Protein chains: 2
Amino acid sequence: MTREPRWLDEEEQQTWLAFLGVTRRLDEALDRQLQRDAGMPHAYYMILVMLSAAPGRARRMTELAAATHSSPSRMSHAVTRLEAAGWVRRERCPSDRRGSIAVLTDAGFAVLAAAAPGHVEDVRANLFDQLTCEQVRQFGEICRVLLTHLDPHDDADPATPTAAAATR
Amino acid sequence: MTREPRWLDEEEQQTWLAFLGVTRRLDEALDRQLQRDAGMPHAYYMILVMLSAAPGRARRMTELAAATHSSPSRMSHAVTRLEAAGWVRRERCPSDRRGSIAVLTDAGFAVLAAAAPGHVEDVRANLFDQLTCEQVRQFGEICRVLLTHLDPHDDADPATPTAAAATR
DNA sequence: TCATAGTAGATGAGAGTTCAATCATCGACT
DNA sequence: AGTCGATGATTGAACTCTCATCTACTATGA
């Protein structure tokens, strides 16, 4: 019943700590940049990105939550905040009166357009520019393998509008 | 001055999104497991880990903040919470009266020992077990390269007590 | 038509993080 | 000793996230 756990060996531990360090620092860097240049955290920026890529720059709350992998509650709070900032507007859904639709405003699009170049630059500088072509390829493959296991339902289909234009 | 940003190409975008997906889901999984089994988030668990690996199971607040890469403020709030739970105790520093020392209590060590096996199992199941040996090696190398750039001061020296025993 | 189960979304409380003060002490210099 | 800038740590407010709860509506089925 209580058998000896498969502890990490020295090298695995080091890799694990390095990974934790990378993700934390990267998150911090992105949050700082976006907070400074766009006045919002990375998670909110991603909401605007997803909206900007959607037809009519509008999406149902549930869809939006799925696209950014956040809970309905979180999405609701987030959109409330984005609405207060004037970057998103809520509309009632005509086909299902329970539903509500988040629409990206012109102001929201503008703040996105203003912040995007700096954001991409940050992603490049901290990630892609540091790796060789071969490493970028390996890294992509590894992330896809891990994601498939962590979330079997997420197809990561490049054809979906959600996957497109994430950092554009 | 305002030159065209180096947008991510299709494959880079996909890799970037996959990476974001992996880190988010992994964080979620670890937080959920530790919240359930130990009643604390992953960040707090790491504080106990760092304390348990330190001589005398005790460390200065500033050191602790550096070891877990968190701000002094965050560490102070966290230790306040851990102290209320009875897992950590504060002592005044004899050599510098401004300082304060966090000490892991027996109860803290016990909760750590109880949660560790499940935690390691989670890390293995979601990360190492999903990759080939070759991929684990590549992944480790990539993380080290990125970490070196993101935080040049962090030596990631395996000999430091902080790096040892992170998941033990 | 009515009951009922399920779905979409909002809300409020509680926990964790950030940021900008604040306080006490140290170290160095006059 | 007395001043002054730097350092160690804490605090409170504002913000974000989670979780449980709640309301409104849809869909199904007698």
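Since this is a predicted model, take the numbers as computed values, not measurements. Every chain is numbered from 1 and lettered A, B, ... according to where its sequence line falls, protein lines coming before strand lines. Values reported hereafter were calculated over all heavy atoms of this structure, with side chains retained and with hydrogens, waters and symmetry mates removed.
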Can you list the residues that meet the salt bridge (charged side-chain N to carboxylate O under 4.0 Å, His left out) rule with Arg90(B), with sequence neighbours excluded?
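Scan of Arg90(B) (salt bridge (charged side-chain N to carboxylate O under 4.0 Å, His left out), adjacent residues dropped) gives Glu83(B).
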With sequence neighbours left out, write down each residue that passes salt bridge (charged side-chain N to carboxylate O under 4.0 Å, His left out) with Arg6(B), or none if nothing qualifies.
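If we apply the salt bridge (charged side-chain N to carboxylate O under 4.0 Å, His left out) test to Arg6(B), skipping adjacent residues, the hits are Glu121(A), Asp129(A).
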Contact list please: residues 87-99 of chain B against DNA chain D, heavy atoms, distance less than 4.0 Å, in numerical order.
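Heavy-atom contacts with DNA chain D come from Arg90(B), Arg98(B), Gly99(B).
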Atom-to-atom span, [atom1] of [X] to [atom2] of [N] - whole angstrom:
| X | N | atom1 | atom2 | answer |
| --- | --- | --- | --- | --- |
| Met61(A) | dT7(C) | CE | P | 18 Å |
| Leu82(A) | dC15(D) | CG | C1' | 13 Å |
| Asp31(B) | dT16(D) | CG | C1' | 14 Å |
| Gln33(A) | dT18(C) | CD | P | 17 Å |
| Asp27(A) | dG16(C) | CG | P | 19 Å |
| Met75(A) | dA8(C) | CE | C1' | 14 Å |
| Leu64(A) | dA8(C) | CG | C1' | 14 Å |
| His69(A) | dC17(D) | NE2 | C1' | 13 Å |

Leu64(B) reachable from Val103(B) in the ILVMFWY side-chain graph, under 4.5 Å edges:
no
Counting any heavy atom closer than 4.0 Å, what does [X] reach on the DNA or RNA strands: base, sugar-phosphate only, or nothing?
| X | answer |
| --- | --- |
| Ser100(B) | sugar-phosphate |
| Pro72(A) | nothing |
| Ala78(B) | nothing |

Taking only N and O in the side chain of Tyr45(B), is any of them less than 4.0 Å away from OP1 or OP2 of dG16(C)?
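No.
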Under 4.0 Å from OP1 or OP2 of dC15(D): is there any side-chain N or O of Arg81(A) that close?
no
Return each pair, listed once, that meets ring pair (Phe, Tyr, Trp, His ring centres under 6.0 Å) where at least one residue sits in residues 74-112 of chain A; pairs must be two or more places apart or across chains.
none
May I ask you to decide whether Glu11(B) forms a salt bridge with Arg137(A), counting only side-chain N to carboxylate O separations under 4.0 Å?
no
Identify, with sequence neighbours excluded, every residue that meets side chain to side chain contact (heavy atoms under 4.5 Å, CB included) alongside [X].
| X | answer |
| --- | --- |
| Asp106(B) | Arg57(B) |
| Ala66(B) | none |
| Thr68(B) | Ile47(B), Met50(B), Ser70(B), Met75(B) |

Result block: side-chain N/O donor-acceptor pairs under 3.5 angstrom for residues 26-39 of chain A, not counting sequence neighbours:
| residue | atom | partner | partner atom | Å |
| --- | --- | --- | --- | --- |
| Glu28(A) | OE1 | His69(B) | NE2 | 3.3 |
| Asp31(A) | OD1 | His42(A) | N | 2.7 |
| Gln33(A) | NE2 | Asp37(A) | OD2 | 3.0 |

Can you name the atoms? Protein N/O to nucleotides 19-22 of chain D N/O, anything below 3.5 Å, with the distance.
| residue | atom | partner | partner atom | Å |
| --- | --- | --- | --- | --- |
| dC19(D) | N4 | Ser73(A) | OG | 2.4 |

